[in-house]
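Numbers here simply count residues along the sequence, with the first being 1. Read the numbers this way: they start at 1 and go in the same order the structure lists the ligands and their atoms. Here the structure is a predicted model, which is why all the values come from computation and not from measurement.
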Amino acid sequence: MISRRGFLGAAASAAAVVGFDPFGHRWVTEAEAATRPSFSDVPPLDGELAVDPAARQAVATDLGNIVHRQPRAVLRPGSARDIATMIRFCSAHGIPVSTRGQAHTTYGQGVSGGLVIEMRHLRRIRSLDGRYAEVDAGIHWKDLATAAYEQSPRLTPPVLTGYTGLTVGGTLSVGGIGGIVGGLRTGLQVDHVRELEVVTGTGSIRRCSRQQQPDLFDAVLGGLGQCGVITKAVIELVPAPERARNFVLQYSENAPFFRDLRLLIDRAGVDHVYAEFTAPDPTPVYRIHATAFYDPPATPDDAAILAGLTTEPVVEDTPYLDYVLTIDRLIDMLRETENWDRLVKPWYDVWLPDSTIEEYLAELLPTLTPRDIGTYGAGLIYPQRRDLATRPAPRRPEPDGSPFVYVVDINTVSSTPGPDPEFSAEMLERNKRLYAHARQSYGAVLYPIGSVPFTARDWHDHYGDAWPAFHAAKRRYDPAGVLTPGPGIFRQD
Ligand SMILES: Cc1cc2nc3c(=O)[nH]c(=O)nc-3n(C[C@H](O)[C@H](O)[C@H](O)COP(=O)(O)OP(=O)(O)OC[C@H]3O[C@@H](n4cnc5c(N)ncnc54)[C@H](O)[C@@H]3O)c2cc1C
């Protein structure tokens, strides 16, 4: 056996980085060092800094396959201290730094031409007790959910994304909507964090919470990596149910679909609801997935759950963890059979208020063709209860008197692997157009995981009255402006 460090060292010794040439604005390898006197030494690290082409190419794009930019180096951190060291170094030399979770955002949000920090190297569970788990930010939600479920009594994070092969740091940086668990009774993942360890843009390692440095806590939760790198999170856990009963209901018309959706999201005994839609072919299909969790010998009251609905459901009943991993199994299959990671994914994701969503979908769907979603893509609706989402970010629509608000996704997926500049350009233009209209006419707000081109002005409008606080936090915690340039929030257009 050879250690990871030993292996990497042996494999890349000639390519190992020993410094940065501030004049040539490039990293310097050991092989080049003898001939290049003008570089600062890279400080010692617990992990590795790689500059070999394979390491850089591996992080040059994300799940979207739309934005391609090779970084100059990749940090495989061995500790939060490594992240702090390299951020201080990059900050001093004006080198952009991006943090990469699983890179499942789709428009270069975590891509950078400077340094990319690969969080997958920090993925341990530090502690797990009856109420909280402290985890490294590079851990996948799936691994935390599985470990929590193995406890006695069984536990679970109160909110889980539809696909759970995403990192804790990645979804906490965007919001974390309960695609498979949570939402109707819980808020978002950012609402269930007790404490964070963060490396700021000045390279300082801080602990923050609602009580301790709340401005930093507010700036990094849903903060798109602008003010710091989340290195650890203390996540709330709750008792896990044993089983999930899932009711699937299908519709071809807007009105009965929304009538039943509204009944189900407000119904006692229903723990989770999401919906799918397709483009008309020739009519659209809407599908509601409503789930009740339970512990035998008690069982859900099916008659009460289904009372007054306009259609009959298909019922599936599974162990809780099988239910949680439903979308993971689908993605694993697509990864094996369809080259999933390389398909082009120009995703469109917006929040809509309850008062406009029905009208919006009625107008939107007839304009879509099957190609707008794609065989491997999905149209999705995630209802959320407003008052349980307590954090300043992610941004949401203005209150309209309804307790509910929704995320609508057109998760477009190409039929063949990319890159495909023509398809990308066409869909980016579509997203721009859809967003401008939805914002203007329906009060939509971006959920910034997808591929909607945004100018600095758009970001300013997006943050609205929260902009001054966010801007001040950026100046305080990342004064050199090196962190996460991908979304272009603080870019000078
Ligand atoms: C199949 C699928 C299903 C999904 N289902 C849901 C869902 O149900 N609910 C939902 O909300 N989203 C969902 N998403 C979207 C997903 O939440 C986001 O894409 C999320 O950002 C992905 O996590 P990641 O680890 O890949 O983050 P990345 O894409 O790697 O990072 C996201 C952003 O945060 C920054 N970042 C990453 N890690 C850190 C860190 N530790 N500290 C600071 N900044 C960091 C990155 O630079 C980037 O800007 C889904 C995506 C896919 C592909």
Side-chain angles (χ1 to χ4, degrees), residues 59 61-64 67 77 80 83 87 96-112 115-123 135-142 159-183 188-190 196-201 219-233 272 274 324 326-332 334-335 340-341 343 345 347 349 351 376-378 380-382 384 389 393-394 407 409 411 413 447-451 477-478 483-489:
V59 299
T61 190
D62 55 23
L63 194 71
V67 174
I83 294 174
I87 286 183
V97 179
S98 285
T99 311
R100 185 178 179 91
Q102 192 60 4
H104 275 24
T105 32
T106 66
Y107 195 40
Q109 283 90 335
V111 167
S112 138
L115 178 73
V116 166
I117 303 172
E118 272 189 336
M119 292 305 291
R120 68 190 171 95
H121 300 282
L122 299 177
R123 54 185 302 170
V135 296
D136 289 342
I139 193 172
H140 291 182
W141 283 99
K142 174 169 41 187
V159 186
L160 287 167
T161 45
Y163 177 56
T164 61
L166 307 169
T167 67
V168 164
T171 69
L172 293 185
S173 297
V174 298
I177 290 167
I180 199 89
V181 175
L188 313 183
Q189 287 179 329
V190 287
L196 295 173
E197 181 190 84
V198 174
V199 180
T200 69
V220 291
L221 283 178
L224 303 173
Q226 297 303 305
C227 296
V229 176
I230 301 170
T231 45
K232 290 195 190 84
H272 186 266
Y274 80 96
V324 163
T326 309
I327 308 295
D328 291 67
R329 285 192 295 276
L330 180 70
I331 299 293
D332 288 348
L334 290 176
R335 197 162 264 141
W340 166 253
D341 290 319
L343 299 175
K345 305 177 194 71
W347 288 9
D349 314 272
W351 292 91
Y376 312 118
L380 294 163
I381 301 173
Y382 294 109
Q384 302 286 307
V407 171
D409 304 284
N411 288 351
V413 179
Y447 184 47
I449 58 170
S451 312
Y477 293 112
D478 181 23
L483 293 182
T484 320
I489 300 173

Tell me: protein heavy atom nearest atom 19 (O) of ligand 1, and distance? H104 O, 3.1 Å
Tell me the contacting part of I449 for ligand 1: side chain, backbone, both, or neither, using a 4.0 Å heavy-atom threshold, strictly below. side chain
CG on L166 to CG on D328, rounded to 0.5 Å: 8.0 Å
Consider ligand 1: state whether an atom of it lies below 4.0 angstrom from any non-hydrogen atom of Y107. no
Closest non-hydrogen protein atom to atom 34 (O) of ligand 1, residue and atom name please, with distance? S173 CB, 3.4 Å
Measure the CG-OG1 distance between L224 and T99 for me, rounded to the nearest 0.5 Å. 11.5 Å
Numbering as shown, the atoms of ligand 1 that approach G176 to under 4.0 Å (heavy-atom distance): 11 (O)
When you measure from atom 20 (C) of ligand 1 to each heavy atom in V190, L380, V174, which option holds the nearest one? V174
For G228, is the nearest heavy atom under 4.0 Å from an atom of ligand 1? yes
Against L122, only a single residue in I83, I139, T167 fulfils side chain to side chain contact (heavy atoms under 4.5 Å, CB included); can you say which? I83
Suppose we measure from atom 24 (P) of ligand 1 to each protein heavy atom; which comes out shortest, and what is that distance? Q102 N, 3.4 Å
So OG1 of T106 and CG of D349: to nearest 0.5 Å the spacing works out to 7.0 Å
Non-hydrogen atom of S98 closer than 4.0 Å to ligand 1: no
Protein contact of atom 27 (O) of ligand 1 - nearest heavy atom, named by residue and atom, plus distance: G170 CA, 3.3 Å
Check G110 against S98 and note the closest heavy-atom contact, atom names and distance. O-CB, 3.3 Å
Just to confirm my output: which protein heavy-atom neighbour is closest to atom 42 (N) of ligand 1, and how far is it? I230 N, 2.8 Å
Under 3.5 Å: N/O of P487 near N/O of ligand 1: no
NE2/H104 to CH2/W347 distance, rounded to the nearest 0.5 angstrom? 8.0 Å
Suppose I only count heavy atoms of T484 and a 4.0 Å limit; which atoms of ligand 1 are within that range? 47 (O), 49 (O)
Over 60° means perpendicular and under 30° means parallel, so tell me whether Y447 and W351 are parallel, tilted or perpendicular. perpendicular
For W340 and K345, run side chain to side chain contact (heavy atoms under 4.5 Å, CB included): C-alpha distance rounded to whole Å, both residues' side-chain angles, the deciding distance at 0.1 Å, then the answer. CA-CA 10 Å; W340 166 253; K345 305 177 194 71; 3.8 Å; yes
Contact region, T106 to ligand 1, non-hydrogen atoms below 4.0 Å, reads neither
Could you tell me which atoms of ligand 1, counted from 1 in the order shown, lie closer than 4.0 angstrom to a heavy atom of Y447? 10 (C), 11 (O)
Atoms in ligand 1 with a heavy atom of Q109 nearer than 4.0 Å: 47 (O), 48 (C), 49 (O)
Can you tell me which residue and heavy atom of the protein come closest to atom 53 (C) of ligand 1, and the distance to 0.1 Å? L63 CD2, 3.3 Å
Under 4.0 Å from any heavy atom of G162, which atoms of ligand 1 are there? 5 (N), 7 (C), 8 (O)
For ligand 1, indicate whether the residue I331 contacts it via side chain, backbone, both or neither (heavy-atom separation under 4.0 Å). side chain
Any idea which of T105, L166, I83 brings a heavy atom closest to atom 50 (C) of ligand 1? L166
Please identify each residue that fulfils side-chain hydrogen bond (donor to acceptor under 3.5 Å, both in side chains) with T231, with sequence neighbours left out. E197
Separation between OG1 (T200) and CD1 (I87), nearest 0.5 Å, reads 7.0 Å
Please identify which atoms of ligand 1 are closer than 4.0 Å to at least one heavy atom of G179. 8 (O)
Minimum-distance pair of heavy atoms, taken over all atoms of V116 and R100: CG1-CB, 3.9 Å
How far is atom 25 (O) of ligand 1 from its nearest protein heavy atom, and which residue and atom is that? T167 OG1, 2.6 Å
Using a 4.0 Å heavy-atom cut-off, say whether W347 meets ligand 1 through its side chain, its backbone, both or neither. side chain
Separation of L221 CG from C227 SG (nearest 0.5 Å): 11.5 Å
Residues in salt bridge (charged side-chain N to carboxylate O under 4.0 Å, His left out) with D62, at least two apart? none
If we set the cut-off at 4.0 Å for heavy atoms, which region of T99 has an atom near ligand 1: side chain, backbone, both, or neither? both
Return yes when G175 approaches ligand 1 closer than 4.0 angstrom through a heavy atom, no otherwise. no
For L160 and Q189, the nearest pair of non-hydrogen atoms, with its separation, is CA-NE2, 3.8 Å
Donor-acceptor side-chain pairing of T171 and W141 below 3.5 angstrom: yes
Residue part near ligand 1, for I177, under 4.0 Å between non-hydrogen atoms: both
Considering only non-hydrogen protein atoms, determine which one is nearest to atom 3 (C) of ligand 1 and report residue, atom name and distance to 0.1 Å. Y163 CB, 3.3 Å
